[in-house]
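Chain letters run A, B, ... following the sequence lines, proteins first, then strands; residues in each count from 1. Because the structure is predicted, anything quoted here is derived from the model rather than measured.
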2 protein chains.
Amino acid sequence: MSTILDIAKLAGVAKSTVSRYLNGGSVGEATKKKIEQAITETGYSPNPFAQSLKAKKTNIIGTIVPRLDSYAASQTLIGIDEQLKKMNYQMLISNTSQNLEREIESIYSFANQKMAGIILLATEITDQHIEAFESVKVPVLLIGQEHEDFHSLIHDDFHAGYAMGRYVLEKGYRKIAYLGVTERDISVGVKRKQGFKKAIQEVDDCDVRFYETLFNIPAAQTSAKEIIHEFRPAIFVCATDNIALGVLKASYSEGITIPQDLAVTGFGGYDVTGIIHPGITTAKFFYKEAGESAARHIIELVNERSVEKVTVSKFEIIERESVDNLLNRPL
Amino acid sequence: MSTILDIAKLAGVAKSTVSRYLNGGSVGEATKKKIEQAITETGYSPNPFAQSLKAKKTNIIGTIVPRLDSYAASQTLIGIDEQLKKMNYQMLISNTSQNLEREIESIYSFANQKMAGIILLATEITDQHIEAFESVKVPVLLIGQEHEDFHSLIHDDFHAGYAMGRYVLEKGYRKIAYLGVTERDISVGVKRKQGFKKAIQEVDDCDVRFYETLFNIPAAQTSAKEIIHEFRPAIFVCATDNIALGVLKASYSEGITIPQDLAVTGFGGYDVTGIIHPGITTAKFFYKEAGESAARHIIELVNERSVEKVTVSKFEIIERESVDNLLNRPL
DNA sequence: TTAATTTTCGGAACCGGTTCCATTTGAGAT
DNA sequence: ATCTCAAATGGAACCGGTTCCGAAAATTAA
């Protein structure tokens, strides 16, 4: 591997001149040619460590993600990556395997590695997060959760919840089980539910019960089975698509037909909801687009340009077979 | 951010002494204490660029992946990442969005960034790959494809194909459509088919036809629909789970019931095959474990220890509802 | 033609570590 | 008390770039 000094010697100039050539300083035409030739001849390419050492900065955006094997995460990452590439930045992924402690470590580690910025696919913001973000002086962007102290890009959970509520009511459902998650997750656990509640409060003949379960399918399946026996709702409104899948499995095992005997909705718009049969009605979020937007946002922050503190990403209700129209049913 | 010089001054020693302390050289007890205190006091942590610049090497393994939104890819990455962390290495992901040219670029880019090693989740090995691997002098490990010139970790595609063939025959199926992919993909397109063919050749009353489609669900769905009409097989043996999902969709839209009217099998063991109903019988590969094994393998190569050239990862036939036992059916 | 600019270029310092080498220090042996 | 030898330490060079500064060369103005 050749160094800038090799090039300088080959071209018969000083290495400062080569550096200037590389970075667009003033270089004479004749020397330009010589350097150019020396570079193509050797296939020279600057050592990024030497550059970063001097610059005290990289063009890498560190992205912290709680898990890699989730549709939302991978789509978001793809969006971030593609957009960053276009802007000549690199993405570095740190997978924390849903371990909050590792998230904190990653923040410090990224700062130490002189990342230009940090994107966190957030699930929960603890005091330790805040402390870490404040002590490292690196621009930070949260995706998926909002926090007054930091820039963030969120999905429109509240309105998605509201829209889903309206949708379900319009289809004629009144006996409803809302299967949510812990309120520590503001976006998924609180906002979606609040939006849904608002829709419910606009009608008055509703029998709605709120339940809480975990994010994974087996847990949702267990919860759903219990709820079916104790409440027998006409529809499950689930806070995530995975939970909806759990409900689906529970209803299979209980011999309940969807959507005739029980309807189900989700949130997320995961691919799988469209692949399976019956397809699940869901509020689709645009993860990839959100990732692209996040990439643009963090670069604005890196370049210290002003940018609004919170961006809201769109959603869309996707109607599939898992919800019937009760109003069209024969009496 | 403090530097090693700050620590040296604070502790009243030379920076070489601090460096020695950090790297386990001989340092007196008294000075050890002083340095230790200075470090905790300032929260010092060495600049990785300065280190890498001097060392001409990093402890990062570059991993090139054709796509992030695939079960196989994300599981493999998780395995690699977790194992590397344990061994004090880092993983850097380069997503190429199924663009072979980008794979080549990534190889050179990784070499330039002084990666300790490169792992490629391979789909196809072209001459350009070979050229790139040979010109950069970085240890390389292929996952998923075999090549005589390079180290590789492959799934046992041939035997999985064979086992699947045996399984299908044992269940009594004789009118079989094998829905495969391009032979440019040696593992998926050739090996699985060869194994399957071997099983078929051991019986003689078989009506098997071989078809080729693409990796994505809609393409598989279209192909399946045509095949259903022209051949009407009793079972589809699909080269991947995604193709099997395409067949499932096609049969829904054609009003064909699974497994009563048509059986389906896949390869991969993707999560979704167990979530949906009916579950798909599939040859499950152990992607995460393969990733862990790959991580260990590449580190062996990095440390120039001898290691066998090709490792074969296990598989397991998972029996689900998408295949009936014809022999148990009432006549 | 000479003076005043402007452009081009080389030298040296610097970024923050590691490592080699020479010197000092201290413990143990004689 | 003196000599050895190993451990402990400091100084300097080096990794491969960038950037500042001043000198030299080329251009323009007078």
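- Between B:K56 and the phosphate of D:dG16, there is a side-chain N or O to OP1/OP2 separation shorter than 4.0 Å.
- Under 3.5 Å, the side chains of A:Q90 and A:N59 contain no donor-acceptor pair of N or O atoms.
- The shortest distance between the side-chain N/O atoms of A:S16 and the OP1/OP2 oxygens of C:dG10 is not below 4.0 Å.
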Next item on the list: Could you give me the CA-CA distance, side-chain angles and deciding distance for A:L120 and A:F133, then say whether side-chain contact (heavy atoms from CB on, under 4.5 Å) is met?
Entry: CA-CA 11 Å; A:L120 172 64; A:F133 285 143; 3.8 Å; yes

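- A:L5 places its CG atom 12 Å from the C1' atom of D:dC15, with the value rounded to the nearest Å.
- Note: CG (A:N47) to P (D:dC14) measures 18 Å, nearest angstrom.
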Checklist line | B:H155 vs B:Y287, ring-ring contact (aromatic ring centres under 6.0 Å, His included): CA-CA, chis, key distance, verdict | finding: CA-CA 9 Å; B:H155 300 287; B:Y287 296 109; 5.1 Å; yes

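- Nearest-nucleotide positions on DNA chain C place A:V13 closer to the 5' end than the other of B:V18 and A:V13.
- Ion pairing of B:E292 with B:K86 is absent here, as no side-chain N (NZ or NE/NH1/NH2) approaches a carboxylate O to less than 4.0 Å.
- For B:N23, a side-chain nitrogen or oxygen approaches OP1 or OP2 of C:dT18 to under 4.0 Å.
- Among the protein residues, A:T31 comes within range of the sugar-phosphate backbone only, with heavy atoms under 4.0 Å from sugar or phosphate atoms but none that close to a base.
- When heavy atoms are screened at a 4.0 angstrom cut-off, B:Y44 is found touching the sugar-phosphate backbone but no base atom.
- Atoms CZ (B:F49) and P (D:dG16) sit 17 Å apart, rounded to a whole Å.
- Between A:S26 and C:dT8, a side-chain N or O to OP1/OP2 separation shorter than 4.0 Å is present.
- Interface remark: the B:S19 side chain does not form any donor-acceptor pair with the C:dG17 base, using a distance-only criterion of under 3.5 Å.
- A salt bridge links A:E146 with A:K191: at least one charged nitrogen is closer than 4.0 Å to a carboxylate oxygen.
- Atom-to-atom, NZ of B:K57 to P of C:dT19 comes out at 13 Å; the value is rounded to the nearest Å.
- Computed from coordinates, the B:D6 CG to C:dG17 C1' distance equals 13 Å when rounded to whole Å.
- Atom pair A:N59:CG and D:dT18:C1' shows a separation of 16 Å (rounding to whole Å applied).
- Rounded to an integer number of Å, the gap from B:N112 CG to D:dG17 C1' is 13 Å.
- For C:dG17, its base sits under 3.5 Å from the side chain of B:K15 at one donor and acceptor pair at least.
- Within the 4.0 Å cut-off from OP1 or OP2 of D:dG16, not a single side-chain nitrogen or oxygen of A:Q51 is found.
- The interatomic distance linking A:L53 (CG) with D:dT19 (C1') rounds to 14 Å, in whole Å.
- In the interface, the side chain of B:K54 is paired with the base of D:dC14 through a donor and an acceptor atom under 3.5 Å apart.
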